[in-house]
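In what follows, chains are A, B, ... by sequence order, proteins preceding strands, each numbered from 1. No hydrogens, no waters, no symmetry mates; every other heavy atom, side chains included, goes into these values.
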There are 2 protein chains.
Amino acid sequence: MELAQLRVFETLADELHFARAADRLGLTQPAVSRQIAALEASLGGKLFDRAKRSQVTLTATGALFLPEARAILRQAERGEALAKRSARGEVGRLEIGYVASAAWGGVAASLVRRFLTRAPKVEVHLQELETPRQIEELAAGRLDLGIFRTRPAYPTALKVQPLQQDTLQIALPDTDPRAAQPELHAADLAGARFILPHFGEEAGFLARLQALGEAGGFAPEIQPPVRDFLTVLTSVAAGLGAGLVPESAGALHLQGVVLRRVADVALNSGLVLGARRADSSPLVRRFLQMAQERPKSGHG
Amino acid sequence: MELAQLRVFETLADELHFARAADRLGLTQPAVSRQIAALEASLGGKLFDRAKRSQVTLTATGALFLPEARAILRQAERGEALAKRSARGEVGRLEIGYVASAAWGGVAASLVRRFLTRAPKVEVHLQELETPRQIEELAAGRLDLGIFRTRPAYPTALKVQPLQQDTLQIALPDTDPRAAQPELHAADLAGARFILPHFGEEAGFLARLQALGEAGGFAPEIQPPVRDFLTVLTSVAAGLGAGLVPESAGALHLQGVVLRRVADVALNSGLVLGARRADSSPLVRRFLQMAQERPKSGHG
DNA sequence: CGGTTTAATACAAAAATGGTATTAAAATCG
DNA sequence: CGATTTTAATACCATTTTTGTATTAAACCG
């Protein structure tokens with residue numbers, strides 16, 4: 001017994017006419033005759049009475065089998081559709097990690113929102129984790145995707161793709177004399193007090209600042225960390241010190257604050273989207289592909 | 001998507017090893033590889049991860065599809081089994097008519113009982129109807145089988161097969177002088193009074209008796225009809241007259257009664273099993289075949 | 001690093017499936 | 001009632017699909 005035979009059987013049971021059934025199936029009449037004969041042989045009994053040529057009818061066995069055949073076909077169609085949706089990455093479950101800084105800019109939220117628009121049946125679970133933890137969890141298989149900050153290197157088991165190319169910039173009060181310069185050099189920042197955000201165990205900003213100090217030949221003085229970027233910028237505007245913030249923070253346009261690039265030190269700190277290199281999940285593939293289509297999400 | 005592919009998929013999902021799955025399926029390993037590849041192509045995504053050669057695993061899609069595939073296969077198996085049982089005549093419904101006289105001897109009951117032993121799932125409905133009515137109902141399709149008395153002819157749409165070859169015989173009190181003869185002739189019965197059974201509208205016995213009278217050149221005198229054969233025979237033993245009873249009534253061995261054949265008049269009155277000639281129902285075929293296997297049922 | 005295991009691929013043989021043409025049987029029409 | 005038409009089955013051939021054997025490529029293991 002094969003599904004193809006059941007499809008022929010169902011159609012013939014509908015039409016009760018070999019030639020018309022063949023037509024509906026895109027076959028010829030003899031093909032239908034043989035498929036039915038084969039099915040009947042495999043079941044060990046006739047399904048149709050064709051003693052009267054002009055009025056094919058279901059036998060008792062055929063009538064009994066018809067709802068069974070329909071059930072099998074419908075079940076098969078449902079299963080096939082489900083598998084296809086799954087293969088297209090439209091159903092399933094995704095564990096996605098994100099760094100807090102990806103949430104501020106709305107990058108994580110807008111990515112997930114875009115994905116769910118296309119694949120509403122996917123169950124997405126979000127977890128806020130710092131970059132190193134995400135890399136661990138990804139490798140362990142407890143995360144499927146991670147939205148985290150660029151690193152100098154990643155485990156070979158992971159692949160990452162750029163999400164947002166953020167440069168860290170220096171935020172200065174517009175009253176600061178250095179604010180007059182179009183761009184700064186590390187050495188210009190000697191003696192400045194720095195206001196840094198601190199989220200969980202994320203130590204990236206601190207590390208960058210220390211690198212900056214080394215390049216400029218000074219030991220940066222650090223204010224107690226604040227909770228978010230708005231506070232960093234407000235503190236800077238209040239003249240409490242300088243800030244180290246992602247370029248995208250400029251979108252806030254806070255009065256009394258200017259952002260300046262550091263010309264001689266690379267302070268790239270983009271967001272990347274990471275996944276297991278060997279991950280064959282269509283959901284992950286689809287998410288990665290979608291993220292690549294429009295590397296910068298709508299939000300500034 | 002085809003059932004054969006699902007069978008391969010299920011087995012491979014069990015074994016997670018192409019060669020072993022092939023073995024279980026009675027195929028070779030490349031055949032399994034290709035069947036899976038074909039199924040994956042038709043679904044538009046991978047079902048197995050075989051990056052690591054030594055550990056084939058289900059993908060998320062594969063894991064999702066496995067219960068679906070199992071459901072389809074089980075449904076197909078149930079449907080197939082049901083159709084096969086139906087084709088073998090083991091399920092369904094039979095409308096069977098019988099003449100009252102077939103019930104006395106237990107012919108109808110024993111036939112049905114034998115049939116139900118072999119096909120317990122068949123729903124049998126019995127209806128007591130006289131011969132002409134059964135023939136009507138059979139032709140109309142309201143009966144599937146009929147157990148009735150032989151007729152000189154039947155509609156061509158029907159086929160009948162012998163069930164029990166009953167000759168009608170004459171029952172006489174052993175005190176009757178004719179009881180001394182080993183067999184009678186029609187003429188011997190002139191002047192006898194006859195005791196006949198009368199059931200519903202069955203007029204067969206009366207008609208036979210009249211034929212007998214014609215052959216013997218006398219008008220038979222008829223006693224009021226009685227309800228059953230035992231009463232006929234008891235009346236005969238009491239000397240109330242002669243009886244006309246099926247040969248098989250002799251099995252009752254009633255004291256004081258003898259049964260005698262009528263040599264010169266054919267009084268065959270067998271029971272036959274009738275069905276529509278065109279009936280393709282496996283139940284009917286099976287019943288007819290069973291009845292033929294042992295033409296006389298266990299009962300005398 | 002070499003041998004072994006395992007899945008995929010290449011190729012030829014076999015099976016099945018489908019199509020065209022024809023036949024047989026029933027239905028329809030004159 | 002006979003001729004024509006309709007309809008399903010069959011014969012036959014071409015095509016496609018499936019299988020098996022042999023081989024290859026990759027991963028695993030010592």
Please report the distance, rounded to the nearest Å, between CG in Leu25(B) and C1' in dT18(D). 14 Å
In this structure, how many angstroms lie between the P atom of dA8(D) and the CD atom of Glu15(A), rounded? 11 Å
Once you round it to whole Å, what is the distance between P of dT6(C) and CG of Asp23(B)? 13 Å
Counting side-chain heavy atoms from C-beta on, which of dG19(C), dA9(D), dG20(D) comes nearest to Thr28(A)? dG19(C)
Counting only side-chain nitrogens and oxygens, does Ser33(A) get under 4.0 Å of the OP1 or OP2 atom of dA9(D)? yes
Among dT19(D), dT10(D), dA22(D), which nucleotide has an atom closest to any side-chain atom of Pro30(A)? dT10(D)
Output the rounded distance in Å from CD1 (Ile36(A)) to C1' (dT10(D)). 17 Å
Given dG19(C), dT6(C), dT21(D), which nucleotide is nearest the side-chain atoms of His17(B)? dT6(C)
Of the options dT17(C), dG20(D), dG19(C), whose atoms approach the side-chain atoms of Gln35(A) most closely? dT17(C)
Quick one: is Arg34(B) getting a side-chain N or O under 4.0 Å of the dA8(C) phosphate, OP1 or OP2? no
Do the side chain of Gln134(A) and the main chain of Leu129(A) share a donor and acceptor less than 3.5 angstrom apart? yes
Got Leu16(A) and Gln55(A) here, is their nearest side-chain heavy-atom distance under 4.5 Å? yes
Glu2(B) CD to dT18(D) P, in whole Å, measures 9 Å
Given DNA chain C, 5'-ward residue of the pair Leu16(B) and Gly26(A), judged by closest heavy atom: Leu16(B)
To the nearest angstrom, the CD-C1' distance between Gln55(A) and dA8(D) comes to 13 Å
To the nearest 0.5 Å, what is the distance between CZ on Phe65(A) and CE on Met1(A)? 5.0 Å
Grab the CG-P distance between Leu27(B) and dA14(C) for me, whole Å please. 18 Å
Here's a test of your reading of the structure: between Ala38(B) and Gln29(B), which maps to the more 5' nucleotide of DNA chain D? Ala38(B)
Candidate nucleotides dT21(D), dA9(D), dG18(C), ranked by approach to the side chain of Ala31(A) - the nearest: dG18(C)
Is a donor on one side and an acceptor on the other found under 3.5 Å between the side chain of Arg50(A) and the backbone of Phe48(A)? yes
Arg78(B) (side chain) donor-acceptor with Glu68(A) (main chain) under 3.5 angstrom: no
For atom CZ of Phe18(B) and atom P of dG20(D), their distance in whole Å: 15 Å
